[in-house]
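Read the structure below first, then the notes.
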Amino acid sequence: MAHIVILGAGVGGLPAAYELRKQLDAGHKITVINAVDYFQFVPSNPWLAVGWRQRAGITFPMAKYLERRRIGFIAQPVGRIDAAGNRLELADGTAVAYDYLVIATGPKLAFDEVPGAGPAGGHSHSICTVDHAEQTWKSYQEFLASPGPVVIGAMPMASCFGPAYEFAFILNTDLKRRKLRRKVPITFVTSEPYIGHLGLGGVGDSKSMLESEFRSNDIKWITNARTTKLEPGKMFVTELDRHAQPAKEHEVPFRFAMMLPAFKGVDAVAGVEGLCNPRGFVLVDEQQRSRKYRNIYSAGVCIAIPPVEATPVPTGAPKTGYMIETMVTAIVRNIAADIAGQPATAKGTWNAICLADMGNTGAAFVALPQMPPRNVNWFRKSRWVHWVKIAFEKYFIYKMKRGTSEPLYERFMLRALGITRLDT
């Protein structure tokens, strides 16, 4: 009987564990290893950062839910992966052997690539983890007592731009509700070549619609922005032209800043020879299988996907929830096939489907496939998106506690968007 180890228990890793348990015979052992003992629903972090959510509402301890499904759980960071020897070395010195390894760790947050950035000794905040979002909420409360300029955005090599837009609009809405917006100039600083690029080369009318929303809400912006360093109350930005040459230097003042960092692969994964690209992202084939180690699979933000296009300031391609879900399903089917002695043929999708909250309204986009040219390419703003995202948050967390492995994005989000067929 096989032992399948899943490294990481986020929106990819936890569903992978449940789906594997459903698909495989009970004699096969499944173990989830995660750096912390709780699940966190990362898409809710922008709300937590302004006090619209509490930590207890978007996290839960995982051990008892996994135990109910006969899934082992270890809450330990992994120090080293011995891919040739099919074993993991945990931070406490424990060794765990595996027959199949599923890497779903998410990214390492590369704040160190911009001096002075980040919440750990730097001068900017983050919403990338629930801990970061809680710290941001604490600082935001202090900011409200003495408001001033705000900077929000994404630094060079960032690949997940949606949460920066969400946070800008959510903070804007919160300040209006508190009657403080007139005291807070907001500047959006992004490595994207234009507003609404999103790491996808734009989707539908995303450029014109998001620019219009920024104008309507008096949010200024700087694009092609190479953030070079942060000091207390100051962000230094070089704006590039379309030839990637410096066009203008900016010294942007702030009392409160939230900047999304570049992503890299986590150290234990990046340190495996032949597993990753130079940024530490796992190189996989169409079946989500490592190109070098045939019993290692990977899904989510930690896999290598090329940029949609070259941009003056480097940007990465996002991995949206629907994409991650299909990658996980492909991995489960391929592991089951391999155990049965059959060829692994299942593939994930690079379709991008996303709901973004905007405070009291929201935007949805569909890019099928993610890489242009596309069969479907649209971007819509509507108040119902705000409520659908709230409903999806509750539904996803409920299903993770129940241990249900159904394809949540396909059954919930696509129906909400009125999409009945995905042709790529």
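The model shown is predicted, which means the values in this text are computed figures rather than measured ones.
Side chain of H123 to backbone of A117: no donor-acceptor contact under 3.5 angstrom is found. The backbone N or O of I103 sits less than 3.5 Å from a side-chain atom of S298, completing a donor-acceptor pair. At least one donor-acceptor pair under 3.5 Å links the side chain of N334 to the backbone N or O of T345. The closest donor-acceptor contact from the side chain of S124 to the backbone of A257 lies at 3.5 Å or more, if one exists at all. Side-chain atoms of D37 never come within 3.5 Å of backbone atoms of P61 as a donor-acceptor pair (strictly under, hydrogens ignored). With hydrogens and angles ignored, the 3.5 Å screen pairs a side-chain donor or acceptor of R374 with a backbone N or O of P369. Remark: the backbone N or O of V203 is paired with a side-chain donor or acceptor of S206 at under 3.5 angstrom. Looking at D241, its side chain does come within 3.5 Å of a backbone N or O of A244 through a donor-acceptor pair.
Minimum heavy-atom separation, P193 to N224: CA-OD1, 3.2 Å. Here the closest non-hydrogen pair linking N45 and A133 is O-CB, 3.7 Å. Of all non-hydrogen atoms in G204 and N377, the two that sit nearest each other are N-OD1, 3.1 Å. Across R70 and A26, no two heavy atoms sit closer than the pair NH2-CB, 4.3 Å. When all heavy atoms are compared, the tightest approach of G12 to V328 is O-CG2, 3.5 Å. Considering every non-hydrogen atom in both H28 and A2, the closest pair reads ND1-N, 3.0 Å.
Rounding to the nearest 0.5 Å gives a distance of 10.5 Å between CD1 of I170 and CG of N172. Going from atom CH2 of W350 over to atom CE of M323 covers 7.0 Å, rounded to the nearest 0.5 Å. Rounding to the nearest 0.5 angstrom, the gap separating the CD1 atom in I339 from the CG atom in L24 is 5.0 Å. To the nearest 0.5 Å, atom CD1 of residue I58 and atom CG of residue L48 are 4.5 Å apart. If you take OG on S290 and OH on Y297, they are separated by 10.0 Å, rounding to the nearest 0.5 Å. Summarising the geometry, atom OG1 belonging to T94 is positioned 3.5 Å from atom CG belonging to D92; distances are rounded to the nearest 0.5 Å.
Among Y165, Y194, W221, the one residue that satisfies the ring-ring contact (aromatic ring centres under 6.0 Å, His included) test with F188 is Y165. Applying ring-ring contact (aromatic ring centres under 6.0 Å, His included) to F41 and the options F60, Y395, F396 leaves one that passes, F396. Screening R226, R279, K229 against E113 for a salt bridge (charged side-chain N to carboxylate O under 4.0 Å, His left out) leaves a single residue, R279. For the pairing with M235, the side chain to side chain contact (heavy atoms under 4.5 Å, CB included) check across E251, H250, M259 returns one residue only, M259. Remark: of the listed residues L175, D174, T173, L175 is the sole one forming a side chain to side chain contact (heavy atoms under 4.5 Å, CB included) with L171.
Note: F214 and F169 meet the aromatic proximity criterion, with ring centroids under 6.0 Å apart.
Between E19 and R21 there is no salt bridge, since no side-chain nitrogen of the basic residue lies less than 4.0 Å from a carboxylate oxygen of the acidic one. At a threshold of 4.0 Å, the pair K29-D99 does not count as salt-bridged, since none of the basic side-chain nitrogens sits closer than that to a carboxylate oxygen. Ionic pairing of K207 and E211 is present here: one or more N-O contacts between side-chain nitrogen and carboxylate oxygen are shorter than 4.0 angstrom. R294 and D285 are joined by a salt bridge, as a carboxylate oxygen and a charged side-chain nitrogen come within less than 4.0 angstrom of each other. A salt bridge links E89 with R80; the closest basic N to acidic carboxylate O contact falls under 4.0 Å. Ion pairing between a basic and an acidic side chain is recognised when a charged N comes within 4.0 Å of a carboxylate O; K389 and E166 show such pairing.
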Only distances under 3.5 Å count here; give the side-chain donor-acceptor pairs of residues 154-163 to other protein atoms, sequence neighbours excluded, each with its distance to 0.1 Å.
none

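Within 6.0 Å of CD on E67 lie no more than 12 heavy atoms contributed by other residues, nucleotides or ligands. For K292, the NZ atom sits in a packed shell: over 12 heavy atoms of surrounding residues, nucleotides or ligands are nearer than 6.0 Å. Heavy-atom contacts from other residues, nucleotides or ligands closer than 6.0 Å to CZ of R55 number more than 12. Within 6.0 Å of CD in Q141 there are more than 12 heavy atoms belonging to other residues, nucleotides or ligands.
Judged by the 6.0 Å distance and 45° axis criteria, K319 is positioned over the aromatic ring of F281. Both tests do not hold together for R402 against Y65: distance to the six-membered ring centre under 6.0 Å, angle to the ring axis within 45°.
Residues T349 and N351 have side chains that bring a donor and an acceptor to within less than 3.5 angstrom of each other. No hydrogens or angles considered: a donor-acceptor pair under 3.5 Å links the side chains of D357 and H386. H197 and T315 are not linked by any side-chain donor-acceptor pair at a separation below 3.5 angstrom, with hydrogens and angles left out of the test. Between the side chains of T238 and E249, at least one donor N or O sits under 3.5 Å from an acceptor N or O.
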> Could you go step by step and tell me if L101 and L7 meet the side-chain contact (heavy atoms from CB on, under 4.5 Å) rule?
Replying inline: CA-CA 7 Å; L101 177 64; L7 188 55; 4.3 Å; yes

> Going through the checks in order, is the side-chain contact (heavy atoms from CB on, under 4.5 Å) test met by V150 and F143?
Replying inline: CA-CA 10 Å; V150 164; F143 166 82; 3.5 Å; yes

>> Y100 vs N86, test: side-chain hydrogen bond (donor to acceptor under 3.5 Å, both in side chains). Steps then yes/no.
In response: CA-CA 8 Å; Y100 297 90; N86 297 330; over 6 Å; no

>> Between R291 and V284, is the side-chain contact (heavy atoms from CB on, under 4.5 Å) condition met? List the steps.
In response: CA-CA 6 Å; R291 296 178 186 176; V284 296; 5.9 Å; no

> Does the side-chain contact (heavy atoms from CB on, under 4.5 Å) test come out yes or no for I71 and V32, once each step is laid out?
Replying inline: CA-CA 7 Å; I71 298 169; V32 173; 3.8 Å; yes

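Under the 4.5 Å side-chain criterion, counting only non-hydrogen atoms from C-beta, F236 is not in contact with L230. The side-chain heavy atoms of R289 and D338, taken from C-beta on, include a pair separated by under 4.5 Å.
Residues forming a side chain to side chain donor-acceptor pair (under 3.5 Å) with T190 (at least two apart in sequence, or on another chain): E192.
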